Amino acid sequence: MRYDFARAEPHWQAQWDAHGCFRVADVPTSGRPKYYVLEMFPYPSGKIHMGHVRNYTLGDVVARYKRARGFDVLHPMGWDAFGLPAENAARERGVHPAQWTWENIAAMRAELQRMGLSLDWTREFATCDPSYYGQQQKLFLDFLAAGLVERRESWVNWDPVDGTVLANEQVIDGRGWRSGAPVEKKQLWQWFFKITDFAPELLDALDGLDRWPERVRLMQANWIGRSEGARVRFALAGAEAGIDEIEVYTTRPDTLFGMSFVAIAPEHPLAAAVSARDAGVAEFVAECRRMGTSEAVIETMEKRGIDTGLRVAHPFIPGATYPVWVANFVLMEYGTGAIFGCPAHDQRDLDFARKFSLPVVPVVLPPGEAEQGFTIGAKAHDGTGRMINSGFLDGLAAPDAAKSAAIAELERLGAGQGVVNWRLRDWGVSRQRYWGCPIPVIHCAACGVVPVPSGDLPLRLPDDVTFDQPGNPLDHHPTWKHVACPACGAAARRETDTCDTFVDSAWYFARFCSPAAKEPVQEEAAAHWLPVDQYIGGIEHAILHLLYSRFFTRAMRATGHVDVSEPFAGLFTQGMVTHESYRGADGRWLYPGEVNRTAEGATHRETGEAVTVGRVEAMSKSRRNTVDPGAIIDRFGADTARWFILSDNPPERDMEWTEAGVVGAYRFTQRLFRLADGVTAPAGARPEVFSPAAHALRQATHRTIAALSEALEGFAFNVAVARVYELANAIADAEKSADAPAMGWARFEALSMLARLVCPMMPHLAEELHARLHGGAAGLVAELPWPEADAALLVVERVTIAVQVMGKLRATLELAPGMAAEHVLAAAEAEPNVARLLEGRRVVKRVHVPDRIVNFVLAG
RNA sequence: GCGGACGUGGCGAAACUGGUAGACGCAGCAGACUUAAAAUCUGCUUCCUUUCAGGAGUGCGGGUUCGAUCCCCGCCGUCCGCACCA
């Protein structure tokens, strides 16, 4: 008899649904503790991919386990439904973004439901639904009223041919992806959330996030980027267009005596001023504008610059002046958009100085170096040392003591002051696009920016838009933007920018607590469920999405919507799903389904020609190395897909999807089914006495319960899987051993525990096994508590002690635990192999680690 | 370029975070069952030396320690993020 997953899986899903196993109230009255499990909700691209299967399987294991542990578990699902792909589909295929999105959602919901996830589907929503984004508009207006939103000019990537703003990913090698035209930077008036208001708090609170991965906290801390330094004002030797000084931010004011130039960003006002009269500078600035706004691009391109001819005075050295350059690596967004260059102690400045033959004066002498003859070669010295060539700073320790002294002097001279600087920039949320949440403000010539009245919310997107011309369809709409000013009644214009989709995902976790509420969040529901106890998603979101959510939660707290500051108490970041890639003889990428893969190599399934096996890489459509979860569930069932995805490796690491691995997982589902097939509850009470074999099986069962609990708590799902294999092996072995009277009882115990233990991972098979073992009379596993291990069966009766001589293993001892050191050492010395090696040698040290190891250290 | 991680048999990995490296699975090999194949079951499986017994071994090179996959220093390789992809 074989396990018929195709029949069983829909059956048990219907049972769970009929029992409402996974539904919870907005404000539960059960008295049980709460646990909120959330996986990052998907973008509705149309099909689920293996990354989703992994993410939602991980979350489901946690949700089911916690539910069994007696928690009320909130485990919702929704759709991150606004975004560029829907507009691209509209432009390419003429389908309306709304239609495209809702059809995708329907398809993906059906696929997700086949996975047997323990979700409360009654809480489902999509961010493109006015019932969601209308609430978001309320939040926007509350933030605006609280001074957390601001309008200012900032730079965007502009495609001059398509007349549209480009996302960084739409800029390829400095050109627009569709038009191929060189991209230009352009300044637009944009809306910003003032995330920098919370910079100190966002940084400090990281310490309290003890259930977040350390690396994520580090990345966030570096991203927020607190630094202590100084602002220094350099007087220009001659004013330029009314500008008579350059303010610079530096973290190394101690190296001011080593300066050899000042460099300003191409967007710096002074660069514009010089451009007006200097064609060379104007040309350079224009060229920098064609680089787009991506920091990664700016930082990796060749360091270039141009001398403006201007000179600045040194704050400490009367009479000394230095050239002012425009440099393509100076960022307008960081500090003041201007730096001073000290080539001896900053690698980038050194590269720049070497390239343009600027002086390199060392001012920090590294420890152990002689001052005389010390020069800087190809490497700048950015470490500690003692100040030289630095006037009043000479002899001080760098950087700290010298830094304080330099700042004190700058302040005394009125040439600057010590400041704390943040790398974090305010969050620009304006998008010149249709498929997003409309920003609910009106621009009035007389009244300025006027909020859309709350009674007019949700401010809906118009449906009748066209995508036949470049730019923002909202802007082109014949009527939508024309509106009377709510304040004065005069003709006014709606804001036509929509929100960054990161805004939608920055508070959805709060909305899930009360998805139907008439306000953004219902107070009691949010108070009960927040924060999310376990959040699970891809490491690629380690910075932006998580930081924005942390900001949003604080902004919602400031405007009275929630009473927590941190959205996610626990965070787990999963790795990607990867697969081999294949290329045919003509160089085209091939889908795994088109390839016959053997240990020796690969051939094309139809033509039989040789196929090149490429690297194992993240699944992507462009390389066609994708596997369709739907097809896997058709062939093997959801439990097999879930089991394999959990068993392969630790969830935080990238996993390789392999056909052989899935087949192996499938075989195990059948093996479990066979093991339990025909087994029913033994008649009579529990036996008084167990044979050694039956006792050993019972120990294995209870150790598995304990081990699995520990593994599941610690996200070591691959270890949990291994423990399940071990118990299954133990049951199979016991089957073969002589059938002592009590063995039947021990075996039934093992099997019925095993059925319950695999439930978080393979919920359908668990129900099937459970129902068969108990003749259908013992309820749903989904509603049973987690098994408890019998402490008496966890007691360790024998330990294996390794015996080393000079750190090398020479023997092992089998002993009862807790033996005294002398006894263990004596037993170790008596081992023939050990005695042989100790013969005639002097033992200088005898190491004994109880119940673990003995080590004899010999003289000489 | 900057920031963050990761690297263990043929492959995915485990190892009570300083104490027997390789649990468990995949693949492979041998055997049983079968007319045969599939499925299933049993055994073997880090590498080297001639078994007994040794030697080497956790990306590479050093260091600390009785003892290092684990701690420290320096390299190499791979991956993630870099603010308008989600």
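Basis for what follows: all heavy atoms, side chains included, without hydrogens, waters or symmetry-related copies. Keep in mind the model is a prediction, meaning the values are calculated, not measured. Every chain is numbered from 1, with letters handed out A, B, ... down the list of sequences.
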Ion pair check, A/R846 and A/E829, cut-off under 4.0 Å: yes
OP1 or OP2 of B/G4 less than 4.0 angstrom from a side-chain nitrogen or oxygen of A/N222, does that happen here? yes
Is it true that A/E267 and A/R289 make a salt bridge, defined as a side-chain N closer than 4.0 Å to a carboxylate O? no
What's the gap between B/A27 and B/C75 when it is taken at their P atoms, as a whole Å value? 42 Å
Stem ranges for RNA chain B, with three or more consecutive Watson-Crick or G-U pairs under 3.5 Å? B:1-7 with B:76-82, B:10-12 with B:24-26, B:28-32 with B:40-44, B:46-49 with B:53-56, B:59-63 with B:71-75
Which nucleotide, B/C79, B/A23, B/U20, lies nearest any side-chain atom of A/A802? B/U20
Would you classify A/R423 as touching base, sugar-phosphate or nothing, given that sugar-phosphate means primed atoms plus P, OP1 and OP2, and contacts are heavy atoms under 4.0 Å? base
Atom CD of A/E656 and atom P of B/C26: how far apart are they, to the nearest Å? 16 Å
Would you indicate what A/Q190 reaches in the nucleic acid, counting non-hydrogen atoms under 4.0 angstrom: base, sugar-phosphate, or nothing? base
Taking 4.0 angstrom as the limit, do A/R152 and A/E150 come out as a salt bridge? yes
Rounded to whole Å, please give me the gap between CG in A/L166 and P in B/C84. 13 Å
When we call it a touch if two heavy atoms are under 4.0 Å apart, what does A/V216 touch: a base, just sugar-phosphate, or nothing? nothing
May I have the step-by-step check of side-chain hydrogen bond (donor to acceptor under 3.5 Å, both in side chains) for A/Q574 and A/N55, ending in yes or no? CA-CA 7 Å; A/Q574 66 183 49; A/N55 194 189; 3.0 Å; yes
Nearest whole angstrom, please: distance from the P of B/G74 to the NZ of A/K379. 10 Å
Nearest to the side chain of A/M576, heavy atoms from C-beta on, is which of B/C24, B/G1, B/C79? B/C79
Counting only side-chain N and O atoms of A/N729, is one of them less than 4.0 Å from OP1 or OP2 of B/G25? yes
Select one nucleotide: of B/C84, B/A23, B/G12, the one nearest the side-chain heavy atoms of A/N168. B/C84
Which part of the nucleic acid, if any, lies within contact of A/N718, taking any heavy atom under 4.0 Å across all strands shown: a base, the sugar-phosphate backbone alone, or nothing? sugar-phosphate
Between B/A15 and B/C84, how far is it from one P atom to the other, in whole Å? 40 Å
Measure CG/A/L546 against C1'/B/C80 and give the value in whole Å, please. 14 Å
Suppose we call two aromatic rings close when their centres sit under 6.0 Å apart. Are A/F717 and A/F715 close by that rule? yes
Between A/V156 and A/V849, just flag the one whose closest nucleotide in RNA chain B comes earlier from the 5' side. A/V849
Base, sugar-phosphate, or nothing: which does A/H545 touch, judged by heavy atoms less than 4.0 Å apart? nothing
Does the separation of the ring centres of A/W427 and A/F502 fall below 6.0 angstrom? no
What is the distance, to the nearest angstrom, from the NZ atom on A/K808 to the P atom on B/G54? 11 Å
Whole-Å C1' distance, B/C11 and B/G1: 36 Å
For a quick check of understanding: with a heavy-atom distance under 4.0 Å over all strands, which category does A/R348 fall into, base, sugar-phosphate or nothing? nothing
Would A/N88 and A/R91 count as having a side-chain donor-acceptor pair, cut-off 3.5 Å? no
From CD of A/E295 across to P of B/C84 the rounded distance in Å is 11 Å
Please state whether the phosphate of B/C66, meaning OP1 or OP2, lies under 4.0 angstrom from any side-chain nitrogen or oxygen of A/R852. no
So A/F329, base contact, sugar-phosphate only, or nothing? Heavy-atom distance under 4.0 Å. nothing
Side chains of A/T196 and A/D426: is there a donor and an acceptor less than 3.5 Å apart? yes
Rounded C1' spacing from B/G22 to B/G57 in Å: 11 Å
Indicate, with yes or no, if the rings of A/F572 and A/Y535 have centres closer together than 6.0 Å. no
Considering every strand and a 4.0 Å limit on heavy-atom distances, what is the contact class for A/R810: base, sugar-phosphate, or nothing? sugar-phosphate
Atom CD of A/Q804 to atom P of B/A68: distance rounded to whole Å? 9 Å
Check every strand shown and say whether A/T501 touches a base, only sugar-phosphate, or nothing at a heavy-atom separation below 4.0 Å. sugar-phosphate
Need one value for A/T800: base, sugar-phosphate or nothing, where a base atom within 4.0 Å counts as base even if backbone is also close, heavy atoms only. base
Using a cut-off of 4.0 Å on non-hydrogen atoms, how would the nucleic acid contact of A/Q432 be classed: base, sugar-phosphate, or nothing? base
Looking only at atom P, what distance separates B/C26 and B/C6, rounded to whole Å? 28 Å
Can you tell me which nucleotide in B/U20, B/C66, B/C84 comes closest to the side chain of A/I853? B/U20
Tell me what A/R846 touches on the nucleic acid: a base, only sugar-phosphate, or nothing, going by heavy atoms under 4.0 Å. nothing
Within the structure, does a side-chain N or O atom of A/R425 lie under 4.0 Å from either OP1 or OP2 of B/C82? no
Can you see whether A/W223 has A/R423 sitting over its ring - NZ or CZ less than 6.0 Å from the centre and within 45° of the normal? yes
Does the cation-pi check pass for A/R2 over A/F673, that is, NZ or CZ under 6.0 Å from the six-membered ring centre and within 45° of its axis? no
Heavy-atom nearest nucleotide on RNA chain B for A/R215 versus A/R431: which residue maps closer to 5'? A/R215
Rounded to whole Å, CE of A/M806 lies from C1' of B/G55 at a distance of 16 Å
Determine the contact category for A/A296: base if any of its heavy atoms lies under 4.0 Å from a base atom, sugar-phosphate if only primed atoms, P, OP1 or OP2 are that close, otherwise nothing. base
Determine the contact category for A/S294: base if any of its heavy atoms lies under 4.0 Å from a base atom, sugar-phosphate if only primed atoms, P, OP1 or OP2 are that close, otherwise nothing. sugar-phosphate
Is there a side-chain polar atom (N or O) of A/K845 under 4.0 Å from OP1 or OP2 of B/U65? no
Distance check: side-chain N/O of A/N649 vs OP1/OP2 of B/A13, anything under 4.0 Å? yes
Does a side-chain N or O of A/R703 approach OP1 or OP2 of B/A23 to a distance below 4.0 Å, or not? no
B/A27 OP1/OP2 closer than 4.0 Å to side-chain N/O of A/R667: yes
Polar side-chain contact A/R433-B/C84 base: donor and acceptor under 3.5 Å: yes
